[in-house]
Student: 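First, the structure itself, so that you have it in front of you.
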Amino acid sequence: MEHHFGQDTAHASGSFDKTRVLNVKPLRTLVPVFPSPSNPASSSSPQGGAPFVCVSPSGPFPSGVAPFYPFFISPESQRLSEQNAPTSTGQRVPATPISTAVPINSFKTPAGAANGNVGSSRKTTRSRGQVTVTEEDGYNNVEIVEVDGDEETGTGRSKRKLQKKMKGQQSGGPGDIDPDAVAADILKSLNPMVFEVLNQPDGSRDSVAYTLMIYEVMRRKLGQIEDSNRAANSGAKRPDLKAGAIMMNKGIRTNSKKHIGPVSGVEIGDIFFFRFELCLVGLHAPSMAGIDYIGTKTSQEEEPLAVSIVSSGGYEDDVEDGDVLVYSGQGGVNRDKGASDQKLERGNLALENSYKRGNEVRVIRGLKDLQHPTGKVYVYDGLYKIQDSWVDRKTGFNVFKYKLFRLPGQPQAYMIWKSIQQWTDRSASRAGVILPDLTSGAEKVPVCLVNDVDTEKGPAYFTYLPNLKNLRPTAPVESSIGCSCVGGCQPNNLNCPCVQKNGGFLPYSSASLIADLKSVIYECGPSCQCPSNCRNRVSQVGLKFRLEVFKTKNKGWALRSWDAIRAGSFICEYAGEVIDSARVEEELGSDNLNDYIFDSTRIYQQLEIFPGDTEAPKIPSPLYISAINEGNVARFMNHSCSPNVLWRPVIHENKNMSDLHIAFYAIRHIPPMMELTYDYGTVLPLKAVHRKKKCLCGSVKCRGYFC
DNA sequence: CCAATTCAGGTGTAT
DNA sequence: ACACCTGAATTGGCA
């Protein structure tokens with residue numbers, strides 16, 4: 001039985017019966033039909049008509065793929081809101097200390113044992129607070145950190161030492177690359193404006209964003225070099241730590257002065273993927289420890305005070321409950337000697353003091369990263385206060401416990417993650433769902449269509465097309481052959497032609513993140529022998545994030561993701577029909593303005609922190625794509641003057657064709673449910689056919705319009 | 001008083 | 001399994 005969605009769901013505007021849509025059979029069993037251009041139903045679909053046309057499956061339901069339609073619950077039953085908090089609120093947390101509790105003061109370390117002279121009010125000023133790279137005319141003399149590989153110390157602990165070194169002075173051998181020189185090169189390529197921003201005493205949204213972007217670029221570049229076995233001194237085993245150390249030593253960080261309360265430039269809901277990121281933006285200084293506090297030496301206080309905690313879920317009975325958190329103290333674990341009692345000192349003492357004073361504590365929640373099961377996501381969940389503290393003896397040793405509650409009135413952060421989890425496991429439903437998968441199974445993951453702001457029941461009609469459709473005759477570009485990496489291209493295989501085309505490196509990390517934001521990407525293609533799961537085919541494997549198309553209050557339909565997106569992740573390509581420039585003029589000039597044209601020849605200001613990157617990437621030939629009739633999720637991405645997504649040209653190895661695609665990548669970490677936007681660029685000179693549109697991106701850097 | 005050293009504290013990735 | 005890096009506390013050197 002076929003379902004013609006359009007006919008089934010045609011209703012008078014405003015009286016759309018969602019349940020009829022939702023009662024339809026699982027949409028993953030449907031495939032889109034591609035109507036011929038002469039199909040009158042498609043070209044003259046009425047305003048209240050169906051958004052999509054679907055037919056029944058031509059094949060069996062894919063086995064092994066769990067049906068994914070967690071939204072088949074009547075929309076009115078529940079809404080995402082504060083009152084949707086888990087029903088288990090507080091239940092696992094004893095309101096009073098458990099029976100084995102012992103008065104906490106009896107554990108306090110004797111005064112004077114841990115803290116020396118508390119009278120000292122002097123502040124140690126370190127020379128690390130300033131960015132030093134801008135000094136000394138143009139970075140020729142950059143301070144480099146040398147790690148002194150002192151093997152004689154049995155502890156294996158290396159000593160740090162500062163040492164001046166000329167750029168490019170030393171290299172281990174042919175092909176070797178010095179991580180420090182790479183870092184210096186990255187810093188050199190930065191817009192000097194960045195250092196001005198970073199040198200401000202207080203952080204800002206920009207200083208945080210720049211710090212994280214520089215860290216990310218450095219970390220990925222160092223990882224790429226490490227990956228290719230070309231790192232001199234075989235260091236940089238942990239690119240995250242190496243990049244972090246370089247940033248710290250160069251003073252490329254913000255909010256380096258510890259304080260209680262919000263951190264300027266860091267917003268509730270911001271996400272991080274490495275502990276060092278928390279450190280560099282001033283959210284949580286220790287690179288490992290879970291409790292950050294202001295010590296007695298660095299403040300006028302007589303006792304240490306807590307500023308932030310990271311709840312990593314590492315301690316077993318931290319409860320995970322929206323607004324309440326039970327946090328375990330630190331210590332009590334000895335490398336050589338197993339468990340022991342925790343002591344009321346350092347972080348534990350700081351939390352105890354913050355409890356007594358009623359101070360705010362920043363909370364960062366660590367969660368499993370679903371995309372990268374080995375890694376973690378850290379969600380800044382805002383300010384909490386400590387409500388209770390006690391000592392737990394369940395394990396036979398004293399463990400300090402702190403019960404914290406989230407201050408009311410803060411934007412949702414961790415709760416969003418919990419809600420998405422509930423939609424996923426279907427323990428809660430979603431309001432305003434129109435279609436659980438608007439791609440009708442054309443993508444590997446469903447793309448939800450949702451409107452929880454008004455009664456519009458979907459965007460204007462189009463046909464879902466997952467890939468680029470290029471019907472133009474293609475001229476052969478410079479002759480090239482594909483690779484023969486049968487097991488997939490390896491980063492250390494310099495003989496691989498695909499590695500060579502990318503400048504000697506694979507463009508993607510092992511986590512499929514783009515390593516370098518500044519270049520054209522050469523992926524493997526039809527003329528390569530490597531398998532489809534090759535690391536160099538990232539943009540060809542389709543969507544991996546659970547995206548959704550949603551209605552905004554004032555910008556029409558838009559795109560966002562249920563999953564957190566790491567900076568550098570491939571999001572989607574711009575699918576549609578390749579057209580020529582004459583057709584572009586035609587479409588723009590017609591009464592039916594085509595708002596869905598991608599134009600690679602526009603002027604793009606994509607990454608302000610890299611000044612060499614202000615122009616459109618070098619492309620073999622201009623590319624125009626129209627997605628007005630056929631397209632994928634990319635057609636729903638709105639313009640922003642402060643975008644979180646950018647595009648790169650991606651060339652698939654295909655010896656007889658110029659197989660050019662446009663792929664979108666995350667510029668920064670994007671929390672779930674945040675709108676995805678890219679810069680549409682500008683057309684110069686502006687011709688009559690170009691109609692200016694008022695920009696609604698709301699950014700402080702808004703240019704005012706786009707077209 | 002300032003500099004150098006020690007120590008606590010897990011994390012991220014590979015095997 | 002393994003290699004890590006920061007910041008507070010502590011110790012050492014010097015006035």
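Chain A is the first sequence line, chain B the second, and so forth, proteins listed ahead of strands; every chain is numbered from 1. Side-chain atoms are counted along with the backbone in the values below, which use heavy atoms only and exclude waters and symmetry mates.
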Student: So A/V263 and A/V281, side chain to side chain contact (heavy atoms under 4.5 Å, CB included) or not? Walk me through it.
Tutor: CA-CA 8 Å; A/V263 175; A/V281 301; 5.9 Å; no
Student: Which residues pass the side chain to side chain contact (heavy atoms under 4.5 Å, CB included) test with A/C496, not counting sequence neighbours?
Tutor: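 A/C496 satisfies side chain to side chain contact (heavy atoms under 4.5 Å, CB included) with A/C483, A/C485, A/C489, A/N493, A/C498, A/V499 once adjacent residues are dropped.
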Student: Give the rounded distance in Å between these two atoms: CD of A/E277 and P of C/dT6.
Tutor: 15 Å
Student: Taking salt bridge (charged side-chain N to carboxylate O under 4.0 Å, His left out) as the test, write out the residues that go with A/K544, two or more places apart.
Tutor: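 Salt bridge (charged side-chain N to carboxylate O under 4.0 Å, His left out) check on A/K544 returns nothing, list empty.
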Student: OP1 or OP2 of C/dA8 sitting under 4.0 Å from any side-chain N/O of A/K258?
Tutor: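 So the side-chain polar atoms of A/K258 do come within 4.0 Å of the phosphate oxygens OP1 or OP2 of C/dA8, strictly under.
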Student: Heavy-atom nearest nucleotide on DNA chain C for A/D292 versus A/S287: which residue maps closer to 5'?
Tutor: A/S287
Student: Do any N or O atoms of the protein come closer than 3.5 Å to N or O atoms of nucleotides 12-15 of chain B, and which pairs are they?
Tutor:
residue	atom	partner	partner atom	Å
B/dG12	OP1	A/R275	N	3.1
B/dG12	OP2	A/Y378	OH	3.1
B/dG12	O4'	A/R238	NH2	2.9
B/dG12	N3	A/R238	NH1	3.4

Student: Has A/K376 got its NZ or CZ under 6.0 Å from the middle of the six-membered ring of A/F272, at an angle within 45 degrees of the ring axis?
Tutor: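 No, A/K376 does not lie over the aromatic ring of A/F272.
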Student: Give the rounded distance in Å between these two atoms: CE of A/M288 and C1' of B/dT11.
Tutor: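 Rounding to the nearest Å, CE of A/M288 and C1' of B/dT11 are 6 Å apart.
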Student: Taking atom types as modelled and ignoring hydrogens, do the side chains of A/D227 and A/S510 form a donor-acceptor contact shorter than 3.5 angstrom?
Tutor: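 No, no side-chain donor-acceptor contact under 3.5 Å.
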Student: Output the rounded distance in Å from NZ (A/K242) to P (C/dC2).
Tutor: 22 Å
Student: So that I can tick it off, tell me whether A/R365 and A/D381 are bridged by a salt bridge, with the cut-off set at under 4.0 angstrom between side-chain N and carboxylate O.
Tutor: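 Answer for the salt bridge query: yes.
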